[in-house]
Amino acid sequence: MKIRGFSGRQAALPLKDHMLEGRQYGRRALTAYAILAGAVLLLAVRYFYLQVASYEEFATRSVNNQVRVVPVAPNRGVIYDRRGRPVAENLPAYRLELVPEKVGDVEETIAALGRIIELPPDALETFQAQRKRYRDFDSVPLKFNLSEVEVARFAVDRHRYDGIEVVPYLARHYPYGELLTHVLGYVGRLDADDLARVDSGNYRGTTHIGKDGIERYYEGLLHGTSGLEKIETNAQGRTLQVLGRDDPVHGDDLILSLDMQVQQAAWEALGDRPGAVVAIDPSDGSVLAMVSKPAFDPNPFVHGISREAYRAVVSAPGRPLFNRAILGGYEPGSTMKPYIALAGLELGAITVDDRVFSTGRFYLPGLNKPFRDWKKGGHGWVNIYGAIEQSVNTYFYQLALKLGIDRMHDNLARFGFGTRSGVDLLGENAGVLPSTNWKRGYLGQPWYPGETVIAGIGQGFNVATPLQMANAVATLANGGTRFEPRLLFARKPAGDAHARRVAAPKTERMPIVEPANWAIVHEGMRLVVHGDRGTARAVRPEPPLQMAGKSGTAQVAAQAVDEDMDENTATHLRHHALFIAYAPYERPSIAVATVVEHGGGGSRHAAPVARAVIDAWLEQGQ
Amino acid sequence: MRRLLPGWFGWPQLDAPLLVGLLLLMAFGLVVLYGASGGSMDTVYRQAVRLGAGLVAMLILSQVPPHILRIWTPWLYGLGVLLLLATWFFGTGRSTNRWLDLGVIRFQPSEIMKLAVPMMMAWYLHPRRLPPEWTSIVVSLLILAVPAILIARQPDLGTALLVAASGGFVLFLSGLQWRLILGLAGLAAAAAPALWMVMRDYQRQRVLTFLDPESDPLGSGWNIIQSKIAVGSGGLFGKGWLNGTQSRLEFIPERHTDFILAVLSEEFGLLGVLLLFCLYLFIAGRGLHLSSLARTTYGRLLAGSLVLTFFVYVLVNAGMVSGLLPVVGVPLPLISYGGTSVVTLLAGFGILMSIYSHRNFIR
């Protein structure tokens with residue numbers, strides 16, 4: 001018997017009785033089946049009890065159950081400038097919504113709608129992606145900001161479309177368009193990435209979210225808290241009546257410290273040149289103007305910009321998406337000189353009486369290549385006032401060598417160079433304030449004396465943003481208090497009668513050795529505008545107003561920096577023109593930094609922009 | 001020699017009545033699933049693919065002669081225990097360690113145990129005298145307890161109890177004396193408070209909610225209440241296919257997985273429920289009948305246990321949906337949407353068919 005081989009173990013235990021076991025199994029299987037059947041009978045009784053005996057009760061509860069809870073989106077807070085002009089508002093508009101479960105074939109419906117309403121080519125794709133966020137029988141927006149003609153056309157065909165509705169809503173609108181894009185940012189359609197960083201429950205009824213700028217930074221204040229509506233629906237899920245409502249808490253209105261008149265002046269003064277202007281109130285660090293040019297109109301982004309239009313913005317000359325005011329890194333050049341002069345005085349490296357003879361060329365021992373002054377032949381004997389007034393490089397070359405790069409770094413850092421200012425916008429550039437440590441850490445190289453020399457005139461590795469430059473000059477103007485610049489001035493929670501000032505920004509008071517040293521530097525900067533040889537005497541204001549400033553030029557191509565560049569130089573090779581200023585001289589209420597890209601000389605091209613901004617601010621009597 | 005290997009050559013060895021019963025059940029399931037998923041053809045399609053994979057597994061296993069299965073049984077059991085230990089260390093999953101990620105596929109080793117535990121116990125009892133003697137009983141219980149405890153610690157109490165039940169059925173079918181059965185049942189009842197001690201908070205919450213669902217009607221009691229409303233409002237004839245408001249408006253939780261019976265009850269009424277129960281009873285009856293025709297102890301015990309375990313799924317799920325039992329994650333076999341359990345269940349039926357069709361050749 002070969003078969004035995006497969007069940008060899010049985011041979012070892014001869015006591016097994018297969019016939020008996022088989023009968024026993026049959027009995028047990030039958031018992032088990034009887035138990036199962038009994039259990040099923042029990043279940044059947046239970047279901048009979050629920051479905052027949054208690055039918056009335058549960059049927060009623062099922063009907064009463066047809067109460068849906070629908071989220072109600074809060075109104076987004078309005079944004080004003082410091083004088084109450086709305087800069088981001090909500091306008092009544094219409095959008096087209098669609099309940100996918102009711103329309104049947106979504107693809108076909110959208111194609112049909114496309115014949116009466118203008119839809120972007122990727123409308124279907126966007127719709128399907130958005131749909132995932134919604135529940136069954138929720139209405140999903142298809143198109144925002146319908147034109148009057150589209151609303152009318154749809155109304156005519158209304159009866160043909162079940163499950164599609166034109167719904168009124170409040171659309172975000174930016175009345176100043178591109179003038180404020182880089183400050184305000186814009187809102188756009190909520191997507192999966194956005195949902196990951198907010199409480200998605202609170203955004204169930206919301207279609208738009210801040211994507212950039214103030215709109216993004218203060219999303220938490222602007223959005224508000226979603227409300228609920230209890231809606232009775234029929235068995236098909238169609239709304240019969242509203243039973244109750246938890247009102248949403250609308251978002252806070254925000255009042256920015258910006259002054260639109262100053263903003264406008266800065267925008268116009270830049271003309272069609274790329275550049276940036278930042279103006280700060282030195283008494284509290286609030287930002288009065290922040291312009292980056294070129295910019296773009298944010299309004300199309302709100303309603304869903306088409307791909308071609310977006311591509312056009314991205315590839316436009318001058319990179320309009322790039323916010324130069326907080327992201328643009330420029331070589332601060334001679335605008336660093338006042339801070340270096342102050343460091344020299346405070347550390348005792350120089351005194352007010354020390355004089356330096358400028359020949360136009362400055363040599364380091366062992367180096368053949370001279371470090372130049374911008375004026376051929378040099379400036380002759382200058383003290384500290386003349387050095388700032390005329391921007392004498394030789395004076396600062398010597399001072400830098402006396403201070404050394406690390407002491408220079410530590411003093412300039414107090415003005416905020418090399419660190420993010422902490423402004424209430426995302427993505428700020430920290431810039432670079434070089435030191436021996438920095439160079440070893442980032443470049444893995446030792447520091448060379450020649451680099452100290454050019455650092456003395458703000459060149460070499462130095463990089464600063466227009467915002468950092470403005471905040472530094474504000475700190476200089478107010479006598480040593482560095483604020484975190486703030487765009488948000490006050491907020492008005494929905495329902496409150498009055499706006500509340502937001503908490504004062506973080507401040508840092510720097511150690512001062514001798515207040516007279518600060519007065520010396522202030523006077524030097526006054527002479528830049530009011531002195532007979534001041535580099536910016538051309539922008540001298542009408543008496544009695546006095547202002548202080550300092551010009552600068554950032555190298556673009558590797559060539560000697562001349563304060564007055566040849567007008568014939570090709571535009572893209574021209575240096576960036578810089579100017580920092582504050583006014584009025586006696587009691588400063590505005591500090592400005594301006595950058596005009598490829599403008600050429602700072603005093604000639606950037607100073608007039610700063611002057612226009614100061615005028616616009618002072619004109620209004622603050 | 002040819003008589004030894006008939007299954008490898010002949011026409012697929014499938015029992016026609018059982019196969020028809022299973023196919024009817026699956027077809028009914030897909031119809032209900034279409035409604036329960038909110039009219040998603042996509043979901044139905046994916047479930048059909050799974051069922052197809054399960055049928056292939058069934059077909060393959062039905063061709064493997066039982067003695068081959070028996071030879072491999074200890075290995076499968078050992079592998080299963082190893083994988084369970086592996087999930088202990090390398091498991092993935094949000095709060096539980098049930099899943100093992102093999103790169104290509106992710107699966108729950110506890111699924112393997114649903115087959116491996118009864119197989120191992122049948123393998124162990126196969127050469128021994130039945131009804132089992134004391135030592136056999138103790139070893140059998142050990143075979144059952146080790147994986148059950150490992151699974152319970154994952155924590156997946158529902159599966160652990162099912163695995164334990166499948167082992168318990170082997171013992172029951174082996175002819176364990178009634179006084180011992182009652183004794184073990186008493187012991188289990190006495191161990192219930194101990195079970196409460198090892199439960200996680202959410203498991204305790206489920207039991208408490210089951211005892212008094214109205215205590216937290218919007219929170220954890222919601223599932224039970226909404227499920228009962230769905231079942232009750234279905235009435236005798238149901239609201240009609242795709243017309244269940246409880247289901248369409250998403251009041252029923254997990255409506256296409258664990259609570260799909262609530263959707264069926266709402267749309268097809270008591271008649272639909274009874275039809276479903278009849279199908280299950282027919283499948284179980286046919287399965288037990290086939291098992292009793294098997295000639296080896298191994299085949300009988302394994303086949304019987306697989307059928308009974310399959311039916312326990314039905315009882316637990318139907319009890320849970322109607323509020324008779326606490327909410328445990330047990331699917332309605334072959335109806336609920338979901339992957340691994342479908343394949344395991346159909347694989348079990350493949351083994352059953354193999355045992356039946358090879359009955360004439362192996363003693």
Side-chain angles (χ1 to χ4, degrees), chain A residues 1-4 6-13 15-18 20-22 24-33 35-37 39-44 46-68 101 135-137 233-237, chain B residues 1 3-4 38-39 67 70 126-131 169 172-175 225-226 228-236 239 243 245-246 248-251 265-266 269-270 273-274 277 280-281 284-285 288-289 291-292 295-297 300-301 304 308 311 314-315 318-319 322-324 361-363:
Chain A
M1 286 281 273
K2 288 177 182 172
I3 296 160
R4 267 273 178 231
F6 286 101
S7 44
R9 279 164 193 271
Q10 288 177 7
L13 294 159
L15 294 174
K16 249 173 118 62
D17 182 339
H18 290 281
L20 185 77
E21 268 185 27
Q24 191 174 34
Y25 177 85
R27 278 201 304 276
R28 278 292 159 101
L30 211 62
T31 313
Y33 195 68
I35 294 174
L36 292 187
V40 169
L41 193 68
L42 196 72
L43 278 174
R46 172 67 176 176
Y47 278 81
F48 179 85
Y49 164 76
L50 288 177
Q51 299 192 285
V52 179
S54 316
Y55 172 71
E56 293 296 330
E57 182 203 333
F58 285 117
T60 315
R61 285 181 76 173
S62 146
V63 171
N64 290 344
N65 226 351
Q66 283 146 28
V67 174
R68 306 201 76 199
E101 285 78 10
R135 301 188 180 182
D136 275 14
F137 287 94
T233 62
N234 66 7
Q236 280 77 48
Chain B
M1 193 61 201
R3 294 184 66 208
L4 280 177
H67 61 267
R70 190 154 60 82
H126 174 76
R128 285 172 175 75
R129 260 183 75 173
L130 296 180
F169 290 136
F172 175 81
L173 292 170
S174 72
I225 293 172
Q226 294 301 335
K228 274 163 72 178
I229 293 175
V231 173
S233 66
L236 190 55
K239 295 176 184 170
N243 284 332
T245 50
Q246 286 287 101
R248 294 293 273 173
L249 300 178
E250 290 191 34
F251 287 107
S265 309
E266 187 186 20
L270 184 60
V273 174
L274 291 179
F277 286 168
Y280 280 127
L281 273 178
L288 283 176
H289 172 67
S291 73
S292 70
R295 291 283 173 88
T296 66
T297 309
R300 267 200 298 266
L301 292 181
L308 293 179
F311 211 84
V314 180
L315 296 178
S322 60
L324 279 181
F361 310 102
I362 306 294
R363 231 184 289 146

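Naming convention: chains lettered A, B, ... in sequence-line order (proteins, then strands); numbering from 1 in each chain.
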- For each of A318(B), S292(B), G304(B), tally heavy-atom pairs with chain A at distances under 4.5 Å, and name the one with the top tally.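 Ranked by heavy-atom pairs under 4.5 Å with chain A, first place is A318(B).
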- F48(A) versus chain B, the contacting section by heavy-atom distance below 4.5 Å: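 Both the backbone and the side chain of F48(A) come within 4.5 Å of chain B.
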- Item | CA sep, side-chain torsions, deciding dist, call: L36(A), L315(B), side-chain contact (heavy atoms from CB on, under 4.5 Å) | CA-CA 9 Å; L36(A) 292 187; L315(B) 296 178; 4.2 Å; yes
- Could you grab the distance from atom NZ of K228(B) to atom OG of S62(A), nearest 0.5 Å is fine?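 Those atoms lie 15.0 Å apart.
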- Region of V231(B) that comes under 4.5 Å of a non-hydrogen atom in chain A: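 For V231(B), backbone and side chain are both near chain A.
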- Item | Set of residues satisfying salt bridge (Lys or Arg N to Asp or Glu O under 4.0 Å) with respect to E57(A), sequence neighbours excluded |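 E57(A) satisfies salt bridge (Lys or Arg N to Asp or Glu O under 4.0 Å) with R61(A) once adjacent residues are dropped.
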- Residue, of I35(A), L43(A), L20(A), that accumulates the most heavy atom pairs under 4.5 Å with chain B: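 The candidate making the most pairs under 4.5 Å is L43(A).
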- Message: Main chain of G319(B), side chain of R46(A): is a donor-acceptor contact present, judged purely on distance under 3.5 Å?
- Response: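 Between the backbone of G319(B) and the side chain of R46(A) there is no qualifying donor-acceptor contact (under 3.5 Å).
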- Query: Contact part of V52(A) toward chain B, heavy-atom cut-off under 4.5 Å: side chain, backbone, both or neither?
  - Reply: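 For V52(A), side-chain heavy atoms alone lie under 4.5 Å from chain B.
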- Task: Select one option (side chain, backbone, both, neither) describing which atoms of F311(B) are under 4.5 Å from chain A's heavy atoms.
- Result: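 F311(B) touches chain A through side-chain heavy atoms alone.
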- Of all heavy-atom pairs between S265(B) and Y47(A), which one has the smallest distance, and what is that distance?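 In this case the closest contact between S265(B) and Y47(A) is OG-CE2, 3.7 Å.
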- Query: Roughly how far, to the nearest 0.5 Å, is CZ of F58(A) from CD1 of I229(B)?
  - Reply: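 It comes to 7.0 Å.
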- Message: Checking S174(B) against Y25(A) for the side-chain hydrogen bond (donor to acceptor under 3.5 Å, both in side chains) test, could you report, in this order, the C-alpha distance in whole Å, the side-chain angles of both residues, the deciding distance, and whether it holds?
- Response: CA-CA 7 Å; S174(B) 72; Y25(A) 177 85; over 6 Å; no
- Return the set of residues passing side chain to side chain donor-acceptor pair (under 3.5 Å) with S233(B) (not counting sequence neighbours), or none when no residue passes.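 Counting only residues at least two positions away or on another chain, S233(B) forms a side chain to side chain donor-acceptor pair (under 3.5 Å) with K239(B).
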- Message: I'd like to verify something: which residue of L274(B), L281(B), L236(B), L288(B) has the highest number of heavy-atom pairs under 4.5 Å with chain A?
- Response: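 Top option by heavy-atom pairs under 4.5 Å: L281(B).
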- Identify which of G234(B), S291(B), A230(B) forms the greatest number of heavy-atom pairs closer than 4.5 Å to chain A.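 Looking at each of G234(B), S291(B), A230(B) in turn, S291(B) comes out on top.
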- Query: Between E21(A) and R300(B), is the closest basic N to carboxylate O distance under 4.0 Å?
  - Reply: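 Looking at R300(B) and E21(A), the cut-off is met.
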- Work out which heavy atom in Q24(A) is nearest to a heavy atom in P131(B); give both atom names and the distance.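 Nearest heavy atoms, Q24(A) then P131(B): NE2-CG, 3.3 Å.
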- Hey, does the side chain of R28(A) reach the backbone of F172(B) with a donor-acceptor pair shorter than 3.5 angstrom?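 Yes: the side chain of R28(A) pairs with the backbone of F172(B).
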